[in-house]
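Below is one structure, written out as structure tokens; comments come after it.
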Amino acid sequence: QVRLVESGGGLVQAGGSLRLSCAANGGSFAKYAIGWFRQAPGKEREFVATLSGGAAVKDYADFVAGRFTISRDNNKDTAYLQMNSLKPEDTAVFYCAASESGSTWYSNRQSLGVYGYWGRGTQVTVSS
């Protein structure tokens, strides 16, 4: 069973950047696809980005619009979300999640339900 811990959140001005990290332990990291999700106050948790275990398949939410980059280092059991050109509407708690890679993940990779393991989240606040 994989355990996930997010870090790297904080307060940043609009237009700034942050890099979130998702450290994993307790499982074979490379066999899991990693997704990033976010939840703003009063809103549902939504998909941000995802990356397959071998990093061959990436997917992003439309609102990312080239501003965010998901990556991973399987030697360090860590995934990242580089966020540039941040906007106040990006303010949210960001979560990383893991799903065993495969056809089920690929077909449903933007869906919360396909991810069985979740971290506790890291707060990102973007001031205007």
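Reckoned from all heavy atoms, side chains included, excluding hydrogens, waters and symmetry mates. Because the structure is a prediction, the values reported are computed rather than measured.
Using modelled atom types and a 3.5 Å distance limit, the side chains of N84 and R67 yield no donor-acceptor pair.
Between Y95 and Q39 the shortest side-chain heavy-atom distance falls below 4.5 Å. Side-chain atoms of F63 and R38, non-hydrogen and from C-beta on, do get closer than 4.5 Å to each other.
The OG atom of S21 lies 9.5 Å from the CD atom of Q82; values are rounded to the nearest 0.5 Å. Atom-to-atom distance recorded for L112:CG and E46:CD is 10.0 Å, nearest 0.5 angstrom. Note that OH of Y115 and OH of Y32 are 14.0 Å apart. Values are rounded to the nearest 0.5 Å. Of the inter-residue distances, the one linking F29 atom CZ with L4 atom CG reads 8.0 Å to the nearest 0.5 angstrom. Atom CZ of F68 and atom CG of L86 lie 5.5 Å apart (nearest 0.5 Å). Atoms OG1 and CD, on T125 and Q13 in that order, are 13.0 Å from each other to the nearest 0.5 Å.
Taking hydrophobic clusters as Ile, Leu, Val, Met, Phe, Trp and Tyr residues chained together by side-chain heavy-atom distances below 4.5 Å, L51 shares a cluster with V64. L20 and V12 end up in the same hydrophobic cluster when Ile, Leu, Val, Met, Phe, Trp and Tyr side chains are linked at under 4.5 Å. V48 and Y117 sit in two unconnected hydrophobic clusters of ILVMFWY residues. Membership requires side-chain heavy atoms under 4.5 Å apart, directly or through other members.
Of the possible donor and acceptor atoms, none in the side chain of R109 sits under 3.5 Å from a partner among the backbone N and O of V114. Checked by atom type and distance alone, the side chain of Y60 pairs as donor or acceptor with a backbone atom of I70 at under 3.5 Å. For the pair E100 (side chain) and K31 (backbone), a donor-acceptor distance under 3.5 Å is absent. A distance-only check finds no donor-acceptor pair linking the side chain of T122 to the backbone of S7 [under 3.5 Å]. Side chain of T91 to backbone of V126: a donor-acceptor contact under 3.5 angstrom is found. Formation of a donor-acceptor pair under 3.5 Å by the S128 side chain with backbone atoms of P88 is not found in this model. In terms of modelled atom types and a separation under 3.5 Å, the side chain of N74 and the main chain of G53 share a donor-acceptor contact.
Environment of NZ in K76: sparse, with no more than 12 heavy atoms of neighbouring residues, nucleotides or ligands closer than 6.0 Å.
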Item to check | Trace of the side-chain contact (heavy atoms from CB on, under 4.5 Å) decision for M83 with V124 | outcome: CA-CA 10 Å; M83 304 188 295; V124 171; 3.9 Å; yes
Item to check | Evaluation steps, side-chain contact (heavy atoms from CB on, under 4.5 Å), between T69 and Y80 | outcome: CA-CA 8 Å; T69 302; Y80 305 96; over 6 Å; no
Next on the checklist: If you apply the rule side-chain contact (heavy atoms from CB on, under 4.5 Å), what do you find for I34 with R72, and how did you get there?
Outcome noted: CA-CA 9 Å; I34 296 295; R72 64 191 297 158; 3.8 Å; yes
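Considering all non-hydrogen atoms of both residues, S17 and S85 come closest at OG-N, 4.4 Å. Nearest approach of G8 to L18, heavy atoms of both residues: O-CD2, 3.8 Å. Of all heavy-atom pairs between A49 and L81, the closest is CB-CD1, 4.2 Å. Shown here for W36 and A79, the closest heavy-atom pair between the two residues is CZ2-O, 4.2 Å. Counting all heavy atoms, side chain and backbone alike, V57 lies closest to W105 at CG1-CH2, 3.9 Å.
F37 has its ring centre less than 6.0 Å from the ring centre of W118.
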